[in-house]
Amino acid sequence: MRRSILIPAVLAVLVLAACSKEDSPAAPGAAAGNAAASAGGDIWPAVGPLLAGSHSGGCTRTPQLDTVEATISLDAAGKLTAPDISADMRKAQMISLTRETAGGAVKGGAMLSMDAEKGPVLTLSDEGKPDGAGAAVMRGEQMISCPKGPPLDKLRSQPLYKSMARFVDTPGVAVTCVSRANPLEQKKAEFKLAGGMATLGGESFDLSRAELETLSIVPGENQVLYSVKLPGGNLMQVGYDLSGKLVALQNGGDSGLVRGCSVET
């Protein structure tokens, strides 16, 4: 996930390779993103209602591999409590939400990380089972996982492009695209994402048919990445800053990257 959030930066390199230093469409977009670093405000009001809940039951500790009665709780204000752990997850370095549709079932999951190595890292997973969602907290080499908790109904009940609209809705924005087949050729187009439809030039992508959606937020780096996989292996990844300003996007398929686009000045 840490690598995936950096895709817009990699994409900018791809675009820069096709442009001169004096006429780079990527650099102004990056500058605008940095200027908006504090514009996104508190992200928790959008994230918290989807994830709050308490998970308990016969919880498993590792590396001890024993079973204990414990509770992992995340409240509406972002406070995480677990055995020997108390943390304010509103300050998480990274938040990732997933929603998957497979075989007529909808699954949901989340990961909130204060520090990828030291922790705590909270993961939530709802596979649509009767016991609801499970939770696990990792800190260093220690982890505790609890299998029973309220289902992530609010996360599963609607697509991420709806529940996280403040991050992903984009009015018509002019972009410059380069293709993998011909990286020296630039093409101008308009990108728009609204009402469950994304359009890029003359192409349309129906997000309501998504098989998998992921939204990753890195507040400290002012980065948001929305990724959606559509039937047939069509994958679109869109990068924003926290204010919802489009930075870059790429579109691909099973064979890999097809094209990358940066925002025009």
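Predicted, not measured: the structure shown is a model, and the values here were computed from it. Here, residue 1 is the first one in the sequence, and each next residue gets the next number.
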_Do F205 and N251 make a side-chain contact, defined as non-hydrogen atoms from C-beta onward lying under 4.5 Å apart?_
yes

_Just so I know, are the side chains of S227 and L235 near enough to count as touching, which here means a heavy-atom distance under 4.5 Å?_
yes

*To the nearest 0.5 Å, tell me how far E117 CD sits from M138 CE.*
9.0 Å

*Which atom pair, heavy atoms only, marks the closest approach of V137 to P120?*
CG1-CB, 4.0 Å

*Identify the two heavy atoms, one from D169 and one from A194, that lie closest to each other, and give their separation to 0.1 Å.*
OD1-CA, 4.2 Å

*Using a 4.5 Å cut-off on heavy atoms from C-beta on, say whether the side chain of L242 contacts that of I217.*
yes

*Hey, is the main chain of M114 close enough, under 3.5 Å, to the side chain of Q93 for a donor-acceptor pair?*
yes

*Considering all heavy atoms of both residues, which atom of V121 and which atom of S113 are nearest to each other, and what is their separation?*
CG2-OG, 3.6 Å

*Flag yes if L212 and L230 sit in one hydrophobic cluster, no otherwise; membership is Ile, Leu, Val, Met, Phe, Trp, Tyr, and two members link when side-chain heavy atoms are under 4.5 Å apart.*
no

*asked:* For a 4.5 angstrom cut-off between non-hydrogen side-chain atoms, does E185 reach S179?
replied: no

*Roughly how far, to the nearest 0.5 Å, is CG of L249 from OG1 of T170?*
9.0 Å

*Going by the salt bridge (charged side-chain N to carboxylate O under 4.0 Å, His left out) test, which pairs reach into residues 74-92, not counting sequence neighbours?*
D88-R90

*Could you please spell out the steps behind the side chain to side chain contact (heavy atoms under 4.5 Å, CB included) verdict for E211 and T101?*
CA-CA 5 Å; E211 296 176 345; T101 302; 5.7 Å; no

*Taking the side chain as every heavy atom from C-beta outward, state whether L200 and R259 have any atom pair closer than 4.5 Å.*
yes

*Which atom of A76 lies closest to which atom of A52, heavy atoms considered*: N-CB, 4.0 Å

*Calculate, to the nearest 0.5 Å, the distance between atoms CD and SG belonging to Q186 and C261 respectively.*
11.0 Å

*Hey, does the side chain of D153 reach the backbone of R156 with a donor-acceptor pair shorter than 3.5 angstrom?*
no

*Considering non-hydrogen atoms only, spot the tightest contact between R166 and D42 and give its length.*
NH1-O, 3.3 Å

*From CA spacing to verdict: side chain to side chain contact (heavy atoms under 4.5 Å, CB included), S96, T214*: CA-CA 7 Å; S96 183; T214 302; 3.7 Å; yes

*Would you name the heavy atoms of V228 and A210 that are closest together and state the gap between them?*
CG2-CB, 3.5 Å

*asked:* For residues 55-65, which residue pairs pass the side-chain hydrogen bond (donor to acceptor under 3.5 Å, both in side chains) check, not counting sequence neighbours?
replied: R61-D66, Q64-Q142

*Taking side chain to side chain contact (heavy atoms under 4.5 Å, CB included) as the test, write out the residues that go with L50, two or more places apart.*
L97, K154, L155, S163, M164

*Does the side chain of E213 come within less than 4.5 Å of Y226's, by heavy atoms?*
yes

*Not counting sequence neighbours, which residues clear side chain to side chain contact (heavy atoms under 4.5 Å, CB included) with S208? List them please.*
Y161, D206

*What is the distance from atom OG of S216 to atom CD1 of I95, rounded to the nearest 0.5 Å?*
10.0 Å

*Mind checking the CG-NZ spacing from L207 to K162? Nearest 0.5 Å is all I need.*
11.0 Å

*Which residues satisfy the side chain to side chain contact (heavy atoms under 4.5 Å, CB included) test with K118, sequence neighbours excluded?*
D115

*Examine M197 and L246 and state if one hydrophobic cluster contains both, with Ile, Leu, Val, Met, Phe, Trp and Tyr joined whenever side-chain heavy atoms are less than 4.5 Å apart.*
no

_Rounded to the nearest 0.5 Å, what separates atom SG in C59 from atom NZ in K148?_
10.0 Å

*asked:* Test of understanding: clusters of I, L, V, M, F, W, Y form through side-chain heavy atoms closer than 4.5 Å, transitively. Do M111 and M143 belong to the same one?
replied: yes

*Treating Ile, Leu, Val, Met, Phe, Trp and Tyr as nodes and any side-chain heavy-atom pair under 4.5 angstrom as an edge, say whether I85 and L112 lie in one connected cluster.*
yes

*Taking C-beta and beyond as the side chain, do I144 and I72 meet within less than 4.5 Å on heavy atoms?*
yes

*Just grab all the salt bridge (charged side-chain N to carboxylate O under 4.0 Å, His left out) pairs involving residues 96-111, residues at least two apart or on different chains.*
K107-E127

*Check whether any side-chain heavy atom of I43 sits under 4.5 Å from a side-chain heavy atom of F167, and report yes or no.*
yes

